[in-house]
Peer 1: 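Input: one structure, supplied below.
Chain identifiers are assigned alphabetically (A, B, ...) following the order of the sequence lines, protein sequences preceding nucleic acid strands; residue numbering begins at 1 within each chain.
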Amino acid sequence: MEYLEFELPIKELEDQLSKCQVIGKESDVDVTQTCEQIEKKLIATKKDIYKNLTAWQRVQLSRHPNRPYTLDHIKALCGDSFLELHGDRNVKDDKAMIGGLGKIGNQSYMFIGQQKGYNTKTRQYRNFGMSNPEGYRKALRLMKSAEKFKIPVVTLIDTPGAYPGLEAEERGQGEAIARNILEMTRLKVPIICVIIGEGASGGALGIGVGDRVLMMENTWYSVISPESCSSILWRSWEYKEQAAEALKLTAPDMKKMKLVDDIIKEPLGGAHTNREEAFLSVKKAIEKSFAELKNLSPKDLVKNRMEKYADMGVYK
Amino acid sequence: MSWFKRKTKGITTTTEEKKDTPKGLWYKSPTGKIIDTEELEKNFFVSPEDGYHVRIGSKEYFQILFDDNIFIELDANLASKDPLKFEDTKKYPDRLRAAEEKTGLKDAVRCAVGKSKGKNIVVACMDFAFIGGSMGSVVGEKIARAGEYALKKKLPYIIISKSGGARMQEAALSLMQLAKTSAKLAQLTDAGIPYISLCTDPTTGGTTASFAMLGDINISEPGALIGFAGPRVVRDTTGQELPEDFQTAEFLLEHGFLDFITERKDLKHKINQYIDLITNQPLRA
């Protein structure tokens, strides 16, 4: 288990606890009481730390190396029913954007999401979850296919941004994202979007327009990453904490501004501390959203979705 | 011994007597060509010697596109608020006020309806001078409302993009304007109303990832910078050497993202020619 800087007090207590347990095992000293005390303190410390997370700390949790990624969620949700589908039918199969069909219970869904890697090799293979235009076009192809067969779409969002590369520009990164956004506003099947990690700007919105947009508790979603925001507005990388605060990028802030519909609770300490519990919460949230949407006619579905986005914005 | 000998003393005019040329009388293009500003205006704000298309705003584009510069502005008074209480090195309301004072504009887009070659069109034109033409709630709302106007009145819609991207000071609210504007364009598409996207120098970030790339035709002016990620970001991320024409209008035309590039003097004619052709109407002269 890897610890973030602000989690060090927890690490200390956990170390103490395991030492204490070792002593108890290897000697005749009765350590039950001491262990209990440490455990109590550990719970209190955890609550204290995780209930008062700053915006920047949540950003750190959203990028935690042990955090479950898109395919982890899909495998937990669908088990063996998941069938991955590849390719944009133009140039390539983008490894940073995955997709395919799978079942939750008896219902088929088209799953689409950015995929990150879990070690250096796979991170490179997945391009750190940064899609190229072919990734967005693959996503659109799968959405259109879902629409054709009246299958609801679930997108799982976890990206530090769309890839800013030479070939990406040549192949129209902006156009690919724009096209997805437009088509998603009028897709005739339910779309449920879940931000499971990082939701960076157009790269996220390119698969992020939906009837229900849900954010897991320790994720972020905004127009720019706090680091880039700091470098542009403060002209230095040093102000990422302030930038994170200023951008109001946490799930509670986004809900308050009515830019996302709901928050999915995570286990204390983040999704990675109890993966099964996190997967279950996501599953319940998807099923609840689909139950609310499945009886709407395609016309009402699209109308409601367009009205929802038309209402976003504050002006005088 | 010097070759030349000064007969009279050097500059004898005192500082007080010095005559300044009034500012703004001449314009110097990036290649160093100089032109009288009045001449420049007559030449559609294009430097005649090197063909450089000077960055202009909504005032100038309206003048170019609408007959006799007659138009009705739509939602002229919509203005930004500060929903996030955003503060970086400056408070957002202070930034807004400074931009308003500097430019005389309310925000980074103006929308208008008027006749072009005798027929009504709706134009939304961005102003780069207002916080880098950044798109926040007001820009998104005005572009959506002008789209709604075009939809109701069944008029061709033209968006002239000129923007550095989404406005950071409104964070995710700015981001959602990509969806808001694109949703309106989807409605125009469904209703069969022509939408022309004119990408001018510069069109980057959020605008490229929404309305700027979604035209029935996407067109541009010579040399305009158009891209999703800025060239500096691409260079820093990839470490690659970028081609000289990277992200120019010509580069985009070559890679298939523009229908054509037009010089500014032909802009009004070309736009109306397309409208007549796509709506199957007789061509206007």
Side-chain angles (χ1 to χ4, degrees), chain A residues 133 161-179 181-186 199 201-206 208-209 221-224 228-230 232-235 239 242-243 246-249 253-254 257 259-260 302 305-307 309-316, chain B residues 78-81 83-84 86-89 136-138 140-141 144 166-180 182-187 189-190 204-214 218 226-230 233-234 237-238 240 242-243 246-247 251-252 255-257:
Chain A
Y163 188 59
L166 171 59
E167 288 84 5
E169 293 292 322
E170 284 180 338
R171 293 199 283 267
Q173 188 71 284
E175 196 275 344
I177 294 171
R179 185 71 51 201
I181 294 173
L182 184 144
E183 293 299 342
M184 288 183 92
T185 65
R186 60 171 179 174
S201 199
L205 193 66
V209 178
Y221 191 10
S222 196
V223 73
I224 192 166
S228 302
C229 180
S230 160
I232 293 172
L233 290 182
W234 281 269
R235 298 183 191 284
Y239 296 86
Q242 277 106 310
L247 286 168
K248 304 271 190 292
L249 43 64
D253 281 326
M254 289 293 284
M257 290 189 283
L259 300 180
V260 300
V302 171
R305 194 186 302 145
M306 285 198 174
E307 279 170 5
Y309 283 95
D311 281 343
M312 290 181 186
V314 179
Y315 45 82
K316 59 186 175 192
Chain B
L78 224 58
S80 290
K81 283 171 84 171
L84 273 59
F86 197 97
E87 187 174 353
D88 48 271
T89 51
S137 298
V138 170
E141 181 66 17
R167 189 173 296 168
M168 268 177 280
Q169 289 84 355
E170 291 183 34
L173 283 161
S174 302
L175 182 64
M176 296 310 157
Q177 305 311 309
L178 276 66
K180 178 192 278 190
S182 302
K184 190 54 71 183
L185 294 176
Q187 292 172 11
T189 299
D190 290 341
T204 57
T207 45
T208 313
S210 59
F211 50 82
M213 281 292 132
L214 293 173
N218 301 330
I226 309 164
F228 175 66
V233 178
V234 176
T237 316
T238 62
Q240 271 172 298
L242 304 177
F246 186 57
Q247 294 181 326
F251 177 91
L252 268 88
H255 287 283
F257 292 95

Peer 1: In terms of heavy-atom pairs under 4.5 Å with chain B, which of A:M184, A:E183, A:M306, A:Q173 leads?
Peer 2: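 Option with the greatest count: A:M306.
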Peer 1: When you compare the side chain of B:L175 with that of A:S201, does any pair of heavy atoms fall below 4.5 Å?
Peer 2: yes
Peer 1: Need one label for B:F246: side chain, backbone, both or neither, based on atoms under 4.5 Å from any heavy atom in chain A.
Peer 2: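 Just its side chain gets close to chain A.
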Peer 1: How many angstroms lie between CG in B:D88 and CG in A:L247, if you round to the nearest 0.5 Å?
Peer 2: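 B:D88 CG to A:L247 CG: 10.0 Å, rounded to 0.5 Å.
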Peer 1: Which region of B:S80, side chain (C-beta onward) or backbone (N, CA, C, O), has a non-hydrogen atom less than 4.5 Å from a non-hydrogen atom of chain A, or is it both or neither?
Peer 2: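 Backbone of B:S80 only, per the 4.5 Å heavy-atom cut-off to chain A.
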Peer 1: Give the intermediate values and the outcome of side-chain contact (heavy atoms from CB on, under 4.5 Å) for residues B:Q187 and A:T185.
Peer 2: CA-CA 10 Å; B:Q187 292 172 11; A:T185 65; over 6 Å; no
Peer 1: If you round to the nearest 0.5 Å, how far is NE2 of B:H255 from CD of A:E167?
Peer 2: 10.0 Å
Peer 1: If you compare all heavy atoms of A:V209 against all heavy atoms of B:A179, which two are closest, and at what distance to 0.1 Å?
Peer 2: CG2-CB, 4.2 Å
Peer 1: Ignoring hydrogens, what is the shortest heavy-atom contact between B:P243 and A:L166? Give both atom names and the distance.
Peer 2: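 Closest heavy-atom pair between B:P243 and A:L166: CD-CD1, 3.8 Å.
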Peer 1: With a 4.5 angstrom heavy-atom cut-off, could you sort out which part of A:R186 is near chain B: side chain, backbone, both or neither?
Peer 2: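 The side chain, not the backbone.
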Peer 1: Let me know if B:L185 has heavy atoms under 4.5 Å from chain A in its side chain, its backbone, both or neither.
Peer 2: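 For B:L185, the contact with chain A is made by backbone and side chain together.
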Peer 1: Work out which heavy atom in A:P164 is nearest to a heavy atom in B:T237; give both atom names and the distance.
Peer 2: CG-OG1, 3.6 Å
Peer 1: With rounding to the nearest 0.5 angstrom, report the CE to CE distance, B:M176 to A:M257.
Peer 2: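 Interatomic distance, B:M176 CE to A:M257 CE, rounded to 0.5 Å: 8.5 Å.
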Peer 1: Under the rule for salt bridge (charged side-chain N to carboxylate O under 4.0 Å, His left out), what residues qualify as partners of A:R171, not counting sequence neighbours?
Peer 2: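 A:R171 satisfies salt bridge (charged side-chain N to carboxylate O under 4.0 Å, His left out) with A:E134 once adjacent residues are dropped.
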Peer 1: Just how far is it from atom CE of B:M168 to atom CD1 of A:I224, taken to the nearest 0.5 Å?
Peer 2: 4.5 Å
Peer 1: For a quick test of reading the model, state the closest non-hydrogen atom pair linking B:V234 to A:G165 and the distance between them.
Peer 2: CG1-C, 3.8 Å
Peer 1: Can you tell me which portion of A:Y239 sits under 4.5 Å from chain B's heavy atoms? Options are side chain, backbone, both or neither.
Peer 2: neither
Peer 1: Looking at side-chain heavy atoms only, is the closest gap between A:I177 and B:M213 below 4.5 Å?
Peer 2: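 The answer is no, as the side chains (C-beta and beyond) never meet within the 4.5 Å cut-off.
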Peer 1: Using modelled atom types only, decide if a donor and an acceptor are shared between the side chain of B:S137 and the backbone of A:V314 within a distance under 3.5 Å.
Peer 2: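 Side chain of B:S137 to backbone of A:V314: a pair is present.
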Peer 1: Looking at B:L84 and A:A246, what are the two nearest heavy atoms and their distance?
Peer 2: CD2-O, 3.8 Å
Peer 1: Output the distance between atom CG (B:L178) and atom CE (A:M312), rounded to the nearest 0.5 Å.
Peer 2: 12.5 Å
Peer 1: Pair A:E175, B:F228 - check side-chain contact (heavy atoms from CB on, under 4.5 Å), show working.
Peer 2: CA-CA 9 Å; A:E175 196 275 344; B:F228 175 66; over 6 Å; no
Peer 1: Kindly check if the number of other-residue, nucleotide or ligand heavy atoms within 6.0 Å of CZ (B:F86) is above 12?
Peer 2: yes
Peer 1: Could you measure the distance from the CE atom of A:M254 to the CG atom of B:L173? Nearest 0.5 Å is fine.
Peer 2: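 Rounded to the nearest 0.5 Å, the CE-CG separation comes to 8.0 Å.
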Peer 1: Are A:E169 and B:L242 close enough, and set up right, to give a side-chain contact (heavy atoms from CB on, under 4.5 Å), and what steps lead you there?
Peer 2: CA-CA 11 Å; A:E169 293 292 322; B:L242 304 177; over 6 Å; no
Peer 1: Could you pull out the closest heavy-atom pair between B:A166 and A:V223, with the gap in Å?
Peer 2: CB-CG2, 3.4 Å
Peer 1: side-chain hydrogen bond (donor to acceptor under 3.5 Å, both in side chains) with A:Y315: which of B:E141, B:K81, B:E170?
Peer 2: B:E141
Peer 1: Which one of B:V233, B:V138, B:L78 has the most heavy-atom pairs closer than 4.5 Å to chain A?
Peer 2: B:L78
Peer 1: Please determine, among A:E170, A:K248, A:R235, the option with the most heavy-atom pairs under 4.5 Å with chain B.
Peer 2: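 Going by pairs under 4.5 Å, I would pick A:E170.
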Peer 1: Checking heavy atoms, do the side chain of A:L249, its backbone, both or neither come under 4.5 Å from chain B?
Peer 2: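 Contact with chain B is absent: no heavy atom of A:L249 under 4.5 Å.
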Peer 1: Taking salt bridge (charged side-chain N to carboxylate O under 4.0 Å, His left out) as the definition, give me every residue that meets it alongside B:E87, ordered by chain and number, with sequence neighbours left out.
Peer 2: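 None.
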Peer 1: Is B:A144 in contact with chain A via its backbone, its side chain, both, or neither, using a 4.5 Å heavy-atom distance?
Peer 2: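 B:A144 has no heavy atom closer than 4.5 Å to chain A.
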